[in-house]
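Just below is one structure, and these are the notes that go with it.
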Amino acid sequence: VSTPNGGGTGSGAIFKSSNSTSYVVTNNHVIEAAANNTGNIKVELDDGDSYIATIVGRDPNYDLAVLKINKGDLPTIDIGDSLSIKIGDQVIAFGSPLGLDHTVTSGIVSSVNRPVVTGDGITSTESYVDAIQTDASINPGNSGGPLTDSLGRMVGINVATATLGSLTGQSGSIGLGFAIPINQALRIMNEIIDTGKATRPVLGVYFDNSFTTGSGAKISSLVPGDAAQRAGIPAGAVITSIEGVRIADYLSAIVRIRSYAPGDEVTITVTMPSGASRDFTLKLGSALSE
């Protein structure tokens, strides 16, 4: 990626190809600078050939972007099932860490359903990811590359790594890497190709981000007519689990809701203002992603 203010590199995977064009998935943060500053994006294939890419669409909410190049009949990556992976499964991360192309690293699935927020909301858009955690070495430049199972099927898209930089002044992989589950990403990737846009699920609540008196996500107010209000969830209730997954705070609630698709039916457990626990089953609404 090159812009008037500089440039950078990332990784990606070809997931669709016709006789004239091919589609590449990567992270939004990899190409965001080019989109915002009328920059250029170049895709270099495994054989070294390079092609100018155009942005088909991007979804900052999920940190995903789809690019198109005018080169057809390219091999595409096999798509796996992120719902079937288990903690301890072998995985491989592909990409170009620090610009070192043709790099693969291996590890295991360390955790699933890990709430991760990327971006600072100032220089880059905040994204909420219900992530796969892995100890496969992921470094800057791996972003957007595939995380595959042992058979080479893409089960995730590398999105972030945790470092000790804030503590030691050093950065690099410490065995804490994160990937967007492919089952979540694929819906968005296909929507972008079909329409140029993507949708996100909507619960219809505002959270109290100052709530610290207990575990859970406290609802400060409701959006009139949206899913939560229609189901009868009151303001002041605290969400404690979504489909049986414990909710620790408002960030994990946002991430968990966004792991579903618009129209999905979910069961939400809340602690009512009276102190009683109650389950609500509702159908999530839909909104266009920014």
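Remember, it's a predicted structure, so these values are computed and weren't measured experimentally. Below, all heavy atoms of this structure are taken into account, side chains as well, without hydrogens, waters or symmetry copies.
- V266 and V238 sit in two unconnected hydrophobic clusters of ILVMFWY residues. Membership requires side-chain heavy atoms under 4.5 Å apart, directly or through other members.
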Item to complete: Output, in order, the C-alpha distance, side-chain angles, deciding distance and verdict of side-chain contact (heavy atoms from CB on, under 4.5 Å) for V66 and F15.
Response: CA-CA 10 Å; V66 175; F15 70 100; 4.3 Å; yes
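- By the 4.5 Å heavy-atom criterion applied to side chains, T134 and L147 are counted as neighbours.
- The minimum heavy-atom distance between F94 and N158, with the atom names listed, is O-ND2, 3.4 Å.
- Residues R153 and I79 fail the side-chain proximity criterion, which asks for heavy atoms closer than 4.5 Å.
- In the hydrophobic cluster analysis, where Ile, Leu, Val, Met, Phe, Trp and Tyr join through side-chain heavy atoms closer than 4.5 angstrom, L251 is grouped apart from V116.
- The shortest distance between side-chain heavy atoms of I108 and D89 does not fall below 4.5 Å.
- In terms of modelled atom types and a separation under 3.5 Å, the side chain of D264 and the main chain of A261 share a donor-acceptor contact.
- The structure places CD1 of I92 at 6.5 Å from OG of S106, a figure rounded to the nearest 0.5 Å.
- Residues F178 and I157 are members of one and the same hydrophobic cluster, defined by side-chain heavy-atom contacts under 4.5 angstrom among Ile, Leu, Val, Met, Phe, Trp and Tyr.
- The two residues M189 and I182 come nearest to each other via the heavy atoms SD-CD1, 4.2 Å.
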Practice prompt. Let me see the working for N190 and K16 under side-chain hydrogen bond (donor to acceptor under 3.5 Å, both in side chains), right down to the final yes or no.
Written response: CA-CA 10 Å; N190 287 326; K16 279 191 176 182; 3.2 Å; yes
Practice prompt. Begin from the C-alpha positions of L45 and I14 and carry the test side-chain contact (heavy atoms from CB on, under 4.5 Å) through to its verdict.
Written response: CA-CA 9 Å; L45 302 182; I14 301 168; 4.0 Å; yes
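- Put simply, the side chain of P273 reaches to within 4.5 Å of the side chain of P234, judged on heavy atoms.
- Under the 4.0 Å criterion applied to side-chain N and carboxylate O atoms, R258 and D130 are not assigned as salt-bridge partners.
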Item to complete: Assess whether side-chain hydrogen bond (donor to acceptor under 3.5 Å, both in side chains) is satisfied between S82 and N183, documenting all intermediate values.
Response: CA-CA 6 Å; S82 56; N183 290 38; 2.8 Å; yes
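- Contact annotation: the side chain of T118 approaches that of V159 to within less than 4.5 Å [non-hydrogen atoms, C-beta and beyond].
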Worksheet entry | Intermediate values then yes/no, side-chain hydrogen bond (donor to acceptor under 3.5 Å, both in side chains), N70 and T21 | CA-CA 5 Å; N70 293 323; T21 60; over 6 Å; no
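- Here the side chain of S127 pairs no donor or acceptor atom with the backbone of Y62 at under 3.5 angstrom.
- In this structure, S11 contributes its side chain and G141 its backbone to a donor-acceptor pair below 3.5 Å.
- Of the possible donor and acceptor atoms, one in the side chain of H102 sits under 3.5 Å from a partner among the backbone N and O of D46.
- By the neighbour-count criterion of 12 heavy atoms within 6.0 Å, atom NZ of K68 is sparsely surrounded, having that number or fewer from other residues, nucleotides or ligands.
- In the hydrophobic clustering of this structure, I31 groups with V43; members are Ile, Leu, Val, Met, Phe, Trp, Tyr whose side-chain heavy atoms approach within less than 4.5 Å, directly or through other members.
- Note: the hydrophobic cluster containing V205 does not contain V202 (ILVMFWY, side chain heavy atoms under 4.5 Å, direct or indirect links).
- Distance alone, capped at 3.5 Å, places no donor-acceptor pair between the D63 side chain and the P60 backbone.
- Residues A228 and G204 come closest through the heavy atom pair CB-O, 4.2 Å.
- Distance alone, capped at 3.5 Å, is enough to place a donor-acceptor pair between the T240 side chain and the T269 backbone.
- Side chain of D194 to backbone of E191: no donor-acceptor contact under 3.5 angstrom is found.
- Expressed to the nearest 0.5 Å, how far CD1 of I87 lies from CD1 of I132 amounts to 11.5 Å.
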Practice prompt. Could you check S111 against N113 for side-chain hydrogen bond (donor to acceptor under 3.5 Å, both in side chains), going step by step and ending with a plain yes or no?
Written response: CA-CA 7 Å; S111 184; N113 303 130; over 6 Å; no
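- Atom CZ of F211 and atom OG of S220 lie 12.0 Å apart (nearest 0.5 Å).
- Minimum interatomic distance between D135 and S110 (heavy atoms only, all atoms of both residues): N-OG, 3.3 Å.
- Here the closest heavy-atom approach between residue I193 and residue V56 is recorded as CA-CG1, 4.2 Å.
- Between I268 and L282, the closest side-chain pair of non-hydrogen atoms falls below 4.5 Å.
- Atoms CG and OG, on N28 and S143 in that order, are 11.5 Å from each other to the nearest 0.5 Å.
- A donor-acceptor distance shorter than 3.5 angstrom exists from the side chain of S22 to the backbone of K71, with no hydrogens or angles considered.
- Contact annotation: the side chain of E32 never approaches that of N27 to less than 4.5 Å [non-hydrogen atoms, C-beta and beyond].
- No donor-acceptor pair under 3.5 Å is formed between the side chain of T148 and the backbone N or O of M154.
- Taken to the nearest 0.5 Å, the OG1 atom of T199 stands 7.5 Å off from the CD1 atom of I188.
- For T3 against V1, the heavy-atom pair with the smallest separation is CG2-CG1, 4.2 Å.
- The closest donor-acceptor contact from the side chain of R114 to the backbone of Q133 lies at 3.5 Å or more, if one exists at all.
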Item to complete: Please test V255 against S252 for side-chain contact (heavy atoms from CB on, under 4.5 Å), starting from the C-alpha separation and ending with a verdict.
Response: CA-CA 5 Å; V255 167; S252 59; 5.6 Å; no
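- Expressed to the nearest 0.5 Å, how far OG1 of T267 lies from CD of E243 amounts to 4.5 Å.
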Worksheet item: Could you go step by step and tell me if L203 and L284 meet the side-chain contact (heavy atoms from CB on, under 4.5 Å) rule?
Response: CA-CA 6 Å; L203 178 59; L284 296 172; 4.3 Å; yes
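- Annotation: side chain of Y128 is not in contact with side chain of R256 (no heavy-atom distance under 4.5 Å).
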